[in-house]
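The next block holds one structure in the form of structure tokens; read it before the comments.
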Amino acid sequence: MTTRAVHPKHAPQSSTPAPAPVGARAGRHVLTAVALAATVPYLALKAAWLSGSRIGIPDGSVLLEAGPFLTVANAVTLAMDACVILLVLVLTRPWGLRTPAWMLTVPVFTATGLLTPILLGFPGQLLVRALGFGDGPEAAATREPFLDSWVFIVVYTGFTVQGLALAALFVPYARRRWGRRWQGVVGERLPSPTGVVAAAAASGALVLGAMFLYWAFGGTAGLDAEQAEAHSAETAVGSLAHATCALAAGAGALLLARGGALRAWWPLGLAWVGAAATLAWGAWLLVASLGPQLGQGEGPSTAAQLIYAGQMVTGSLATAALTRFLISRRES
């Protein structure tokens with residue numbers, strides 16, 4: 001038995017969802033087609049590279065000498081993007097409502113984490129370029145060849161469309177299946193151990209936010225020489241995106257743990273998106289930094305790796321607070 005306050009709207013709902021209106025079904029079909037189409041460019045590029053093609057890879061690129069590690073990385077990332085197709089089917093087919101919760105929430109949480117910084121950063125980087133603050137051709141010419149510029153545009157546009165389409169499909173799905181979890185107000189304070197976890201997540205988020213903001217505004221402490229030299233308005237946008245995600249994770253966890261009369265959906269959304277992005281990108285960057293480094297650089301500094309580990313820890317703590325909040329709603 002829990003002491004957590006239950007809002008009247010938390011009353012049990014029927015286990016059989018009402019059929020979606022015709023307009024909603026049509027919109028879902030469009031979103032399904034858009035999400036599936038958005039996976040094609042990335043999957044095609046990865047399949048081509050695994051087949052030995054050099055499309056999009058300029059002469060002299062370090063990718064041409066990357067060896068088995070890059071082959072494995074391409075295979076793994078191809079499989080990850082292919083999972084988007086399965087995820088779309090789960091979110092749109094009738095049998096998807098019977099999928100075990102963990103089999104859906106884990107990949108959705110991971111997708112949210114990997115795509116959110118792109119959704120925040122890529123449009124900002126395009127805007128920076130449009131306003132004339134991006135890297136000019138002279139700066140681009142001095143960098144070591146990596147990929148043709150069109151590859152980044154195609155791939156990140158696809159990721160952006162995927163993220164928007166998946167969000168638009170997941171929200172109505174989650175409303176039908178778990179809508180009462182975020183209805184009403186936050187309610188009573190969570191048990192004190194969860195409060196400690198949330199406070200630790202908030203503290204970590206403040207440190208991470210400050211560090212990413214420092215890097216965004218040109219700070220170089222903790223960066224290796226290559227990263228410091230590569231700083232630009234575009235990399236600043238990426239740092240701002242990571243700072244935003246970390247702060248959202250800490251704020252969301254703290255608001256959920258302390259309770260109150262806030263509508264539950266928005267601190268829950270902050271915690272979900274912020275924790276997922278902070279945890280997923282921390283793990284991604286840390287694993288990449290520990291693997292073989294492309295080019296002549298020494299790879300990320302120890303300080304940068306500690307920041308990536310801090311992202312993982314902060315994201316994990318915020319995820320724990322989020323999970324405890326959702327469990328309390330299930331117990332209500």
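Everything quoted here is computed from the prediction, not taken from an experiment. Reckoned from all heavy atoms, side chains included, excluding hydrogens, waters and symmetry mates.
Applying the side chain to side chain donor-acceptor pair (under 3.5 Å) criterion to T112, with sequence neighbours excluded, gives W272. Remark: T160 pairs with I118, L119, F122, L164 by the side chain to side chain contact (heavy atoms under 4.5 Å, CB included) rule, at least two apart or across chains. Taking the side chain to side chain donor-acceptor pair (under 3.5 Å) definition, one finds that R93 meets it with nothing, sequence neighbours left out. By the side chain to side chain contact (heavy atoms under 4.5 Å, CB included) test, V237 pairs with Q125, V128, sequence neighbours left out. Residues passing the side chain to side chain donor-acceptor pair (under 3.5 Å) test with Y156, sequence neighbours excluded: none. Partners of S53 by side chain to side chain donor-acceptor pair (under 3.5 Å), not counting sequence neighbours: none found. In this structure A101 satisfies the side chain to side chain contact (heavy atoms under 4.5 Å, CB included) test together with R177, W178, sequence neighbours excluded. Taking L268 as the reference, W182, L256, L322, F325, L326 meet the side chain to side chain contact (heavy atoms under 4.5 Å, CB included) condition, with sequence neighbours excluded.
Residues A257 and G195 approach most closely at CB-CA, 4.1 Å, considering heavy atoms. Shown here for A320 and V197, the closest heavy-atom pair between the two residues is CB-CG1, 4.1 Å. Between L290 and Q305, the shortest heavy-atom distance links the atoms CD2-NE2, 3.6 Å. In plain terms, the two heavy atoms of L190 and S328 that are nearest each other are CD2-OG, 4.0 Å. Between A198 and A321, the shortest heavy-atom contact is CB-CB, 4.3 Å. Closest of all the heavy-atom pairs between C245 and T116 is SG-CG2, 3.9 Å.
Residue pairs satisfying the salt bridge (Lys or Arg N to Asp or Glu O under 4.0 Å) criterion with at least one member in residues 264-286, sequence neighbours excluded, are absent. Under the ring pair (Phe, Tyr, Trp, His ring centres under 6.0 Å) criterion, the residue pairs touching residues 237-256 are F212-H242, H242-W281, with sequence neighbours excluded.
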List the atom pairs, with distances to 0.1 Å, where a side-chain N or O of residues 306-318 and a protein N or O form a donor-acceptor pair under 3.5 Å, not counting sequence neighbours.
residue: T314; atom: OG1; partner: G310; partner atom: O; Å: 2.9
residue: S316; atom: OG; partner: M312; partner atom: O; Å: 2.7

Solution key, residues 29-41 side-chain donor-acceptor pairs under 3.5 Å, sequence neighbours excluded:
residue: T32; atom: OG1; partner: R28; partner atom: O; Å: 2.7
residue: T39; atom: OG1; partner: L36; partner atom: O; Å: 2.6

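At a threshold of 4.5 Å between non-hydrogen side-chain atoms, the residues L126 and I153 count as touching. Taking the side chain as every heavy atom from C-beta outward, T71 and W49 never approach each other to under 4.5 Å. In this structure the side chain of V186 never reaches within 4.5 angstrom of the side chain of L255, judged on heavy atoms.
In the hydrophobic clustering of ILVMFWY residues, with side-chain heavy atoms under 4.5 Å counting as a link, L279 and L114 come out together. Cluster membership for L208 and Y214, using ILVMFWY side-chain heavy atoms within less than 4.5 angstrom, is shared. Cluster annotation: V154 is connected to I55 through the hydrophobic network of ILVMFWY side chains, with a link wherever side-chain heavy atoms come within less than 4.5 Å. Clustering ILVMFWY residues whenever any of their side-chain heavy atoms sit less than 4.5 angstrom apart, transitively, puts W150 in the very cluster that holds L147. Residue L213 is not grouped with residue M211 when hydrophobic side chains (ILVMFWY) are merged at heavy-atom distances under 4.5 angstrom, including chains of intermediate members.
Here the CG-CG distance, from D81 to L43, works out to 4.5 Å after rounding to the nearest 0.5 Å. Within the model, atoms CD1 of I327 and CZ of R181 stand 9.0 Å from one another, a figure rounded to the nearest 0.5 Å. D224 contributes atom CG, which lies 10.0 Å from atom CD of E229 (distance to the nearest 0.5 angstrom). With rounding to the nearest 0.5 Å, the separation of CH2 in W215 from CD in Q227 is 7.0 Å. The distance from atom NE2 of H231 to atom OG1 of T235, rounded to the nearest 0.5 Å, is 4.5 Å. To the nearest 0.5 angstrom, L64 atom CG is 10.5 Å from F146 atom CZ.
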Worksheet entry | Candidate pair W95 and L89, rule side-chain contact (heavy atoms from CB on, under 4.5 Å), full reasoning | CA-CA 9 Å; W95 51 263; L89 293 176; 4.2 Å; yes

Worksheet item: Is there a side-chain contact (heavy atoms from CB on, under 4.5 Å) between L97 and V90 once you walk through the steps?
Response: CA-CA 8 Å; L97 290 168; V90 171; over 6 Å; no

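Using a distance-only test at 3.5 Å, with no hydrogens or angles considered, a donor-acceptor pair links the side chain of S301 to the main chain of A304. A donor-acceptor contact shorter than 3.5 Å links the side chain of R329 to the backbone of Q183. With hydrogens and angles disregarded, no donor-acceptor distance shorter than 3.5 Å links the side chain of W265 to the backbone of V185. In this structure a side-chain-to-backbone donor-acceptor pair under 3.5 Å is present from T77 to N74.
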